[in-house]
There are 4 protein chains.
Amino acid sequence: MEEPAAPETARHERADSAANHERILAAARDVFARRGLDAEIKEIADRAGVGVGTLYRHFDSRDGLLRALILQTHDDLLQRLRAAADTQDAADALRAVIHAATDVYRQFGALTEVALAGRLDHLRPDGHEELTAAFTGLLRRGVADGTFRADLDIPMMIAALESVFTSGKVVRLVAERGYAGAAAAISDFFLHACLAASADPGRARST
Amino acid sequence: MEEPAAPETARHERADSAANHERILAAARDVFARRGLDAEIKEIADRAGVGVGTLYRHFDSRDGLLRALILQTHDDLLQRLRAAADTQDAADALRAVIHAATDVYRQFGALTEVALAGRLDHLRPDGHEELTAAFTGLLRRGVADGTFRADLDIPMMIAALESVFTSGKVVRLVAERGYAGAAAAISDFFLHACLAASADPGRARST
Amino acid sequence: MEEPAAPETARHERADSAANHERILAAARDVFARRGLDAEIKEIADRAGVGVGTLYRHFDSRDGLLRALILQTHDDLLQRLRAAADTQDAADALRAVIHAATDVYRQFGALTEVALAGRLDHLRPDGHEELTAAFTGLLRRGVADGTFRADLDIPMMIAALESVFTSGKVVRLVAERGYAGAAAAISDFFLHACLAASADPGRARST
Amino acid sequence: MEEPAAPETARHERADSAANHERILAAARDVFARRGLDAEIKEIADRAGVGVGTLYRHFDSRDGLLRALILQTHDDLLQRLRAAADTQDAADALRAVIHAATDVYRQFGALTEVALAGRLDHLRPDGHEELTAAFTGLLRRGVADGTFRADLDIPMMIAALESVFTSGKVVRLVAERGYAGAAAAISDFFLHACLAASADPGRARST
DNA sequence: AATGAATGAGGCTTCATTCAT
DNA sequence: TATGAATGAAGCCTCATTCAT
């Protein structure tokens with residue numbers, strides 16, 4: 001009703017706004033990833049190339065922005081982990097999951113910590129369960145088909161996996177061995193920890 | 001026994017002051033552990049039962065207090081890990097190390113993170129190297145005597161170990177399984193990851 | 001007249017901000033002048049009609065503000081003294097210098113003290129030398145042309161002049177005799193102290 | 001009653017206390033003179049070699065101590081100025097007064113400022129009038145006997161004199177010329193400013 | 001009476017959020 | 001709608017004063 005004769009302008013504005021929205025999210029990911037969750041709003045706005053007022057038009061508060069990012073990180077993570085976990089062979093699936101998580105960590109840095117650490121229950125009830133379920137399914141499948149050892153302590157295995165991606169160690173590993181090297185090292189380590197003793201030891205070798 | 005002939009009166013005030021010093025340190029450990037490193041000075045002072053001025057008489061600044069605690073945590077950790085690492089059998093030693101670290105984490109919470117995370121280089125140069133060395137020595141010994149597998153990726157193993165104690169997962173594990181249960185689960189997991197294939201699988205079982 | 005073709009809208013915010021900047025400076029001059037250099041930031045902000053945060057947007061710290069004011073006072077003083085010292089006749093020039101300094105003191109109060117007292121070497125190296133040079137030039141000129149006595153102790157004369165404007169006595173004199181009366185009394189006094197004996201005694205009389 | 005058999009001890013304690021009293025006053029003079037009136041209580045107590053508690057037993061508050069010192073400075077100053085002003089010849093008397101004031105300034109530093117600046121009306125009503133009266137009497141006497149010029153602006157002359165001792169310039173002069181040189185320079189300057197034109201110009205020369 | 005550790009009000013400064021332009 | 005200047009609550013720290021020893 002209000003934009004009868006200028007759909008193009010109106011659409012353009014929306015496009016601008018949407019672009020700003022994305023730029024703010026990207027900037028926030030970047031800044032939170034590098035500076036940690038205490039980063040200042042001003043730095044995010046600057047990096048996004050907008051004023052703080054604009055940032056607040058898109059997100060109602062600092063916590064609102066953080067929440068949006070954490071949920072987004074969580075969603076992204078969950079989707080990629082689920083996809084990776086679908087890989088046929090359980091050992092390959094675990095490797096794929098670890099590669100995916102390494103990549104997410106590279107992108108989301110400190111945000112991964114919260115998304116993965118099981119502290120987001122107040123943001124998304126069952127958020128952590130969803131992630132856990134993805135891992136659990138994969139591990140159970142591997143145990144069932146004899147790929148993983150029968151006495152594997154699945155919650156402990158998941159805790160260890162989450163720890164590596166939550167502790168900041170990945171950045172160090174990536175810095176020392178590069179992205180592929182870090183993912184390979186992590187994969188090998190965890191495969192050793194969970195492969196059945198009878199399994200071909202070669203399976204713990206990375207590609 | 002320690003001060004057999006100590007005069008009681010002249011030194012009493014100092015004893016009070018020393019007691020306050022300890023109470024402040026304890027309160028700070030507690031509050032930093034629970035609230036994280038952003039905790040407020042006032043809360044620490046309150047919990048110690050002293051005024052902020054008293055806290056500042058004992059520690060020159062917020063950062064000074066934090067630094068003291070982190071160094072103390074680091075020292076405590078280092079000492080206990082070295083002691084545990086001395087255990088004869090390499091597998092037993094690894095278990096002892098993990099039990100010790102679990103205990104330190106329980107006491108120092110969030111402070112363990114910094115002390116263990118390799119971010120204290122500006123506080124104590126080579127601080128992280130000292131910790132790493134303690135782990136490395138133990139693992140090399142185990143590899144040398146055939147307890148651990150020959151192809152063990154020692155840096156990765158250490159990274160994973162540090163991660164578990166740095167990520168906050170330990171509190172969750174302790175909450176779910178109790179102190180002994182958590183330490184046992186962690187031990188079992190890491191032993192599985194590093195024991196030689198020929199080793200008695202039963203060794204990965206906790207006591 | 002000053003900005004004939006200035007666009008009005010785009011620059012308006014800046015004009016507001018600049019106005020605040022000036023209001024803060026003016027308020028700070030006022031408050032420091034009356035309350036001394038220990039005045040509280042809050043009082044300055046209040047008097048400027050802004051919040052403390054705004055004050056800190058314009059000046060990075062209490063000392064930054066003070067520094068800016070002292071340098072400004074010094075610059076103002078130096079410029080006006082130099083201009084007055086240019087007056088043809090040396091006796092008239094001294095009178096003009098004293099009138100100018102009286103006016104500066106009226107405006108800057110306690111700030112004049114620091115600007116004139118030779119304590120700003122860390123803010124502006126040679127700051128005091130610049131002021132001294134302005135006085136010295138004038139006095140030497142008067143001695144050279146026979147207006148001032150040949151044995152005039154120039155450093156002592158300058159010290160006495162600076163003292164009067166540095167000691168707070170000027171405010172009292174102004175209060176008692178008004179601005180013109182105070183300047184005249186100071187001028188007469190110092191002319192008596194430096195005029196050559198042969199000089200027409202009437203020259204020490206003010207206008 | 002309580003000290004029947006040990007008058008010596010009792011007297012000794014009083015002597016100790018009195019000694020402390022003096023040491024605190026001396027330390028306070030020293031510290032206030034050097035650091036200015038914002039000096040910290042702790043520094044004074046340290047320099048006096050007593051605890052802050054002892055300082056507070058002798059002076060009810062920081063302001064109480066400051067008040068005592070200012071009044072003491074004022075009394076000392078007044079007494080010495082009066083004595084000096086009694087000198088027969090008015091010119092000699094002015095010189096004596098200036099020497100005395102230089103000496104007081106050397107001893108009391110920043111305290112002289114307040115004692116001389118006429119800001120102590122709330123501490124001692126008419127305090128400033130007493131000082132002014134001492135100067136005024138001397139100057140009137142000189143004018144009456146023809147030593148000083150008839151048109152001397154006595155309040156202005158006094159203001160200038162007070163200024164020199166109030167502005168901190170004396171320390172600089174003393175630093176550059178030594179104690180005797182500074183006093184001589186100040187004397188010469190002020191004598192030039194007030195001596196009668198017919199007077200022997202040589203009288204403005206210092207000893 | 002002397003000591004100095006303890007106290008806490010009050011100052012300076014930061015930064016999330018608001019709002020006039 | 002975008003901007004960024006303005007705001008002020010809240011945290012850190014200092015130091016005059018009190019008080020237990």
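The basis for the numbers below is simple: all heavy atoms, side chains too, and nothing from hydrogens, waters or symmetry mates. The structure presented is a predicted model; accordingly, all values stated were derived computationally and were not measured. Order of the sequence lines fixes the chain letters, A, B, ..., with proteins taken first and strands second; residue numbering starts at 1 for each chain.
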Can you measure from [atom1] ([X]) to [atom2] ([Y]) and round to the nearest 0.5 angstrom?
X: C/Arg47; Y: C/Asp30; atom1: CZ; atom2: CG; answer: 4.5 Å
X: A/Arg57; Y: A/Leu55; atom1: CZ; atom2: CG; answer: 12.0 Å
X: D/His58; Y: D/Arg23; atom1: NE2; atom2: CZ; answer: 10.5 Å

Q | Residue whose nearest DNA chain F nucleotide is more 5′ - C/Gly51 or B/Ser61 | A |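 Closest to the 5' end, via its nearest nucleotide, is C/Gly51.
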In this structure, how many angstroms lie between the [atom2] atom of [N] and the [atom1] atom of [X], rounded?
X: A/Ile44; N: E/dA16; atom1: CD1; atom2: P; answer: 9 Å
X: C/Asp16; N: F/dA6; atom1: CG; atom2: P; answer: 8 Å
X: D/Leu55; N: E/dA1; atom1: CG; atom2: P; answer: 15 Å
X: D/Tyr56; N: F/dC15; atom1: OH; atom2: C1'; answer: 9 Å
X: C/Leu65; N: E/dC12; atom1: CG; atom2: C1'; answer: 13 Å
X: A/Asp46; N: F/dA5; atom1: CG; atom2: C1'; answer: 14 Å
X: C/Lys42; N: E/dG11; atom1: NZ; atom2: P; answer: 10 Å
X: D/Ile41; N: F/dC15; atom1: CD1; atom2: P; answer: 12 Å

Considering just the side-chain nitrogens and oxygens of [X], establish if one lies under 4.0 Å of OP1 or OP2 belonging to [N].
X: B/Asn20; N: E/dA5; answer: no
X: C/Thr54; N: F/dT7; answer: yes
X: D/Ser17; N: E/dA1; answer: no

Q. Donor-acceptor pair, B/Thr73 side chain versus B/Leu69 backbone, under 3.5 Å?
A.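 Looks like yes, one N/O pair under 3.5 Å.
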Q. Does D/His74 use its side chain to pair, donor to acceptor, with the backbone of D/Gly127 at less than 3.5 Å?
A.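 Checking the backbone N and O of D/Gly127 against the side chain of D/His74, a donor-acceptor pair under 3.5 Å is found.
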Q) For DNA chain F, which ranges pair as stems of 3 or more consecutive Watson-Crick or G-U pairs, with both donor-acceptor distances under 3.5 Å? A)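 Stem list for DNA chain F: E:2-21 with F:2-21.
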Q | Residue from B/Ile24, B/Leu111, B/Ile44 passing side chain to side chain contact (heavy atoms under 4.5 Å, CB included) with B/Arg29 | A |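 Passing option: B/Leu111.
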Q. Is the count of non-hydrogen atoms from other residues, nucleotides or ligands lying under 6.0 Å from C/Arg34 atom CZ greater than 12?
A.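 Count over threshold, so yes.
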Q: Before accepting this row, confirm whether a basic side-chain N of the pair D/Arg124/D/Asp75 lies closer than 4.0 Å to the acidic partner's carboxylate O.
A: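 Salt bridge flag = yes for D/Asp75 with D/Arg124.
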Q. Between residues 22-40 of chain A and DNA chain F, which residues have a heavy-atom gap below 4.0 Å?
A.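 Correct list: empty, so none.
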Q.
Mind checking if C/Arg62 touches a base, just sugar-phosphate, or nothing, with heavy atoms under 4.0 Å?
A.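 Here C/Arg62 touches the backbone only, sparing every base.
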Q: Answer with base, sugar-phosphate or nothing: what part of the nucleic acid does D/Val52 contact at a heavy-atom distance below 4.0 Å?
A: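 Touches a base.
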Q) Mapping A/Asp63 and B/His58 onto DNA chain E by nearest heavy atom, which one lands closer to the 5' end? A)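 Closest to the 5' end, via its nearest nucleotide, is B/His58.
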Q) Which pair of heavy atoms, one from B/Ala33 and one from B/Phe108, lies closest together, and at what distance? A)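 Heavy-atom minimum between the residues: CB-O, 3.6 Å.
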Q: Side-chain contact test, heavy atoms from C-beta onward, threshold under 4.5 Å: evaluate it for D/Phe59 versus D/Leu25 and give yes or no.
A: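 The answer is yes; the side chains approach within 4.5 Å.
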